[in-house]
Amino acid sequence: MKWMVNGQEMELERGATALDVLEKLPKEVKKEALVAKINGNLISLMEPIPEEGNLEILTFADADGRWTLRHTASHVLAQAVKNLKPEAKLAIGPAIENGFYYDFDVEEPFTPEFLKAVEKEMSKIIKKNSKLERFELPRAEALEFVKDEPYKVELINDLPEDSIISFYKQEGFTDLCAGPHLPSTGKIKAFKLMSTAGAYWRGSEKNKMLQRIYGTAFTSREELDAYVQRLEEAKKRDHRKLGRQLDLFDIFDEGPGFPFFFPKGMVLRNLLEEYWREIHRKAGYEEIKTPMILSRTLWERSGHWDHYQNNMYTTKIDDMDFAIKPMNCPGGILVYKRRMWSYRDLPIRSGELGLVHRHELSGALHGLMRVRCFTQDDAHIFMTPDQIRDEIKGVYRLIDEVYSVFGFKYHVELSTRPEDSMGTDEMWEQATDGLQGALDDLGVEYVINEGDGAFYGPKIDFHLEDSIGRTWQCGTIQLDMNLPERFDLTYTGADGEKHRPVMIHRVVFGSIERFIGILTEHFAGAFPVWLAPVQARIMTITDRADAAARELQKKLEDAGIRVETDLRNEKIGFKIREAQMQKIPYMLVLGDKEAEEGTVAVRLRGQGDLGTMRADELTQRILEEVRTKAR
């Protein structure tokens, strides 16, 4: 049998495994190999390769390699818990982003002391370097095999009748699992249990509460230590903590999922919205505003009532059903539909900073990152089919410009048709080809995310990388041929006949609230000068400098600079430390000498003392940073 192995042609006997292939590859490849992929399908290294074709050997550098290592670590976790608590019932234990977890049914919640014991037991299991072996059983035998594990019984009973029921065994522990897995437990070179939490079986509050243990695993201690360090840094940057500390925003018990913005937070928010308006005017967009509550008939026509109703807040007005909008799109469609358009008018680009409401489960809420009301920076573009690629490229360039201003790197995913979708195959094919063609024209690297599109069309998603390496999904470009059809949107073509426009839905920030949360953590609250709610604070050493401080404040404010004064009878060191805690960019110190000379001593956040400057020199410096949006 012939294979292409990592691009190299190779011939092996039938029944060979990826481990056999590794014997013919360099030692470093064998050392780092975790799992294999044959013709796009993952298989464990120890399983016979089922067919000829393209065989890839994957390492921890590959997403599937990381997933496999962490999935195996979850089995080691389950074995360790069963060794220590044989009465514990096993639920599920998948790999997740950056780690893994396993759910257990136990009488008492897990304690920190128990986690330490589990880690010690896991280390013993890993040190034994036990082999993992896969085997399959017929349904009846499989059910008999797991009869003492009720959650496994339920999982098997939910499988289709013709399903292959497979198990993985390591030492004396066996678990129901589709795999794949590492060849042995010793491949897990570094791991750490992170936390415990309660979790309902299958995510439903109607089911029993289980105990979940979270962990992470790497192929080296250095990688694990770096990850833990990033987590510690992330705690310091938590936007919820900084929002309170810097008096920007918060969420109160009286409004779970509904954020409050304070005066300084509103400065930041308004600056972002002003920037949004500026770049959209330049890009040919017109701003609109649509109502927050619209009738049920509109949401039925858009498809949201059938596909999204569980996430919508509804009400009755004059005995008729209405919904608080979860999306701005149908309102934007009504704005387009108000008049007849010619092909000469297209494309029509309209943008809206629209407040939407979505019902999120209380357990999913998280600061500004997951809320129940937020402002989407929506825009909708209506165009002719031959304008699709150019418009998508224009949107892409605008999004790229915005993210560059904030210093974000990003990667792109193309999400395709989901199972729960509406529209014809032809519509979906044309829409997907339009998005993919635009990305190819731009020469952009992207990953195809199968089945993750919106119910009405495929989309391009932008995943930002922040200053400590975390990723956030923000911008999106969605191509839609369904809603123009459902709402009977038309334009008059060059032939004088009516034609159907194509629609783009797109956001740049995603939501203003979430983007502020991301920015707060990205900059650790130390916003660049152009975004800082307070750009400068004037601090006096003695009350003799108060008059000079007020005069300087007026000059800076007249120039449009946001400034505060601190005239309290406190030591200057205390005042400076407090200004540093508030992460104010410019700290301006006035004593007798500076007041007499008409200067001010300037300290810059992160750099320290810049010496003395005159008011006009300082003003020019700050305004230049604002103009260039310097970071």
Side-chain angles (χ1 to χ4, degrees), residues 237 239 242-243 248-249 257-259 261 265-290 325-329 331-332 349-358 360 366-381 392 394-413 415 454 459-467 470-478 504-523 525 527-528 530-533 629 631:
R237 293 169 178 261
H239 72 283
L242 288 170
L248 300 172
F249 48 77
F258 300 98
F261 279 82
M266 284 304 298
V267 171
L268 173 60
R269 184 186 182 107
N270 288 335
L271 287 165
L272 288 172
E273 292 188 4
E274 288 164 14
Y275 172 59
W276 183 90
R277 289 188 170 97
E278 173 193 335
I279 59 171
H280 282 77
R281 278 195 302 271
K282 291 178 181 176
Y285 290 78
E286 295 179 307
E287 187 173 0
I288 63 171
K289 197 74 174 174
T290 63
K325 65 178 179 181
M327 297 177 185
N328 297 305
C329 325
R349 306 184 189 103
S350 61
E352 175 176 14
L353 293 167
L355 181 63
V356 300
H357 288 71
R358 298 180 185 176
E360 299 282 358
H366 179 75
L368 297 184
M369 304 304 192
R370 183 62 70 90
V371 291
R372 287 172 168 155
C373 73
F374 54 94
T375 302
Q376 280 193 309
D377 63 315
D378 263 324
H380 298 103
I381 303 173
I392 292 169
V395 173
Y396 186 97
R397 293 187 184 106
L398 184 145
I399 293 175
D400 177 74
E401 176 188 343
V402 172
Y403 293 165
S404 297
V405 163
F406 297 103
F408 286 120
K409 295 184 289 184
Y410 63 86
H411 71 268
V412 173
E413 291 184 0
S415 298
K459 58 179 181 163
I460 296 170
D461 289 326
F462 292 76
H463 296 262
L464 306 188
E465 182 180 329
D466 70 12
S467 57
R470 297 170 302 178
T471 56
W472 309 90
Q473 197 273 307
C474 287
T476 185
I477 307 172
Q478 301 173 359
I504 286 177
H505 310 250
R506 47 112 293 200
V507 293
V508 181
F509 295 143
S511 87
I512 298 291
E513 290 77 5
R514 187 165 186 262
F515 198 74
I516 287 173
I518 293 168
L519 280 182
T520 302
E521 299 196 0
H522 178 57
F523 291 118
F527 299 105
W530 76 277
L531 277 178
K629 295 182 170 57
R631 296 194 303 276

Discussion item. Tell me whether the rings of H380 and H505 are parallel (<30°), tilted (30 to 60°) or perpendicular (>60°).
Written reply: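 Taking H505 first and then H380, their aromatic rings stand perpendicular (interplane angle over 60°).
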Item to complete: Could you tell me how the ring of F509 sits relative to the ring of Y275: parallel (under 30°), tilted (30 to 60°) or perpendicular (over 60°)?
Response: tilted
Discussion item. Please determine whether a side-chain nitrogen of the Lys or Arg among E513 and R269 lies less than 4.0 Å from a carboxylate oxygen of the Asp or Glu.
Written reply: yes
Worksheet item: Under 4.0 Å between a Lys/Arg side-chain N and an Asp/Glu carboxylate O for K282 and E278?
Response: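 Yes.
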Item to complete: State the NE2-OG1 distance between H463 and T471, to the nearest 0.5 angstrom.
Response: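 H463 atom NE2 to T471 atom OG1 measures 7.5 Å (nearest 0.5 Å).
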Worksheet item: Out of curiosity, L353 CG to I512 CD1, how far, rounded to the nearest 0.5 Å?
Response: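 Those atoms lie 5.5 Å apart.
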What pair of heavy atoms forms the shortest contact from [X] to [Y], and how long is it?
{"X": "K325", "Y": "G354", "value": "NZ-CA, 4.3 Å"}
{"X": "Q478", "Y": "A454", "value": "OE1-CB, 4.1 Å"}
{"X": "H239", "Y": "L368", "value": "NE2-N, 2.8 Å"}
{"X": "E465", "Y": "F408", "value": "O-CD2, 3.5 Å"}

Discussion item. Does E287, at its CD atom, have more than 12 non-hydrogen atoms belonging to other residues, nucleotides or ligands within less than 6.0 Å?
Written reply: yes
Worksheet entry | Check against ring-ring contact (aromatic ring centres under 6.0 Å, His included), F515 and F406 | CA-CA 11 Å; F515 198 74; F406 297 103; 5.2 Å; yes
